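Order of listing sets the numbers, starting from 1, for every ligand and every atom in it. Owing to the predicted nature of the structure, the values given are computational and were not obtained by experimental measurement.
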Amino acid sequence: MARNPPVPETYYDRVAAQHALPLWVDTAQYVPKEPTPPYDPALWRSEDIRPLLMEAGDVVTPEEASRRVLVLQNPAFSGFQGTTRSLYACLQLILPGEHAPEHRHTQSALRLVLEGEGGITTVDGGRVEMAPGDFIITPSWTWHGHTHEGDTPMIWLDGLDNGLMAQMDTTFFEAGQTELPGTGPVSTSVEEKHGEPSEGGERVLRYPYDKARENLEILRKVTDIDPSHGYRMEYLNPADGGSAMPTMTTMLMLLDDGFTGQPYRSTDGTIFTVLEGEGETMIGGQAFPWKRHDIFVVPSWSEYAHRADTESVLFSFSDRVVQLKLGVWREARSS
Ligand code: GTQ
């Protein structure tokens, strides 16, 4: 028998005064039936954002800025809230002869080089060369700085798990003591932290584009095309066959000229960067036309479908690997 006793008029106020919430009121807000991400699909066009990044080259030096970076902020967010709730996509500019000083943070970072040659990023004092299309890893809490030994501007995408770290309140940051290019202030931090040496080649930090591109061509020859993702590979850590990074799943996909993808969705909000080609992605019924070096974000559980108007290559990153570890990742395909 249902009981509907009258609620004393002051009851909810008395509960609120004790910093408590009645779970039976607005329950759907507490446990929605499916993800309701509080951020939007969005696209940053290279032709709009690149000039502003280049202008930043006149406005601020890397010494002043620490990093000369524009954060691609989701239009639904304000302040430094990132691109999705867990991830930040940023664009970084470094000019010939410049040095962005060493520092370290618990956030992991990935770099996807968009333009320029001769850039060097250091990881615990080791030099990692950067060339267009390369995917490069800066693991959590490793000292890193950037130097530019080439003669044209270098621009790359940074992907960081800032939102994830903020959510868990695990953010630590430390500025380096030295500004010498290519010499991290301390080269033992990885040993201290992970109990494994930072040298000896166990950790792959750079996945060169020419090799990755070749792999896509091999995939095209030997596998069937995925109806939603084209020919797609995931970057893996050769030491254990798992995700290349512990917090971010990274992939590269090749879409044939004229490819029309089947609608797909998954719980990992995903940031795509166009390395080659042009096309359009429908996200939640909205069309986002893209070209080379454009960056777009698909929110969690939003249905999307790619179309390629020329042969295209897209890089993507998301927090899928975290969701998989937690056993909560879901995907759905429709046709
Ligand atoms: O290169 O270390 O886009 O610390 C944001 C924060 C890049 C970096 C970003 C950073 C870096």
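- Scored by the salt bridge (Lys or Arg N to Asp or Glu O under 4.0 Å) test, Asp257 finds no partners at all (sequence neighbours excluded).
- Take Glu311 and apply the side chain to side chain contact (heavy atoms under 4.5 Å, CB included) test, not counting sequence neighbours, and it matches Arg213, Glu217, Arg220, Leu254.
- Listed by chain and residue number, the protein contacts of ligand 1 are Arg67, Val69, Cys90, Gln92, His103, His105, Arg111, His144, His146, Asp158, Leu160 (heavy atom within 4.0 angstrom).
- Grouped by direct or indirect side-chain proximity (heavy atoms under 4.5 Å, Ile/Leu/Val/Met/Phe/Trp/Tyr only), Leu21 sits alone.
- For Phe288 and Phe296, the distance between ring centers is not under 6.0 angstrom.
- With hydrogens and angles left out, the side-chain atoms of Arg50 and Ser46 include no donor and acceptor closer than 3.5 Å.
- For His99 and His146, the side-chain atoms include no donor-acceptor pair closer than 3.5 Å.
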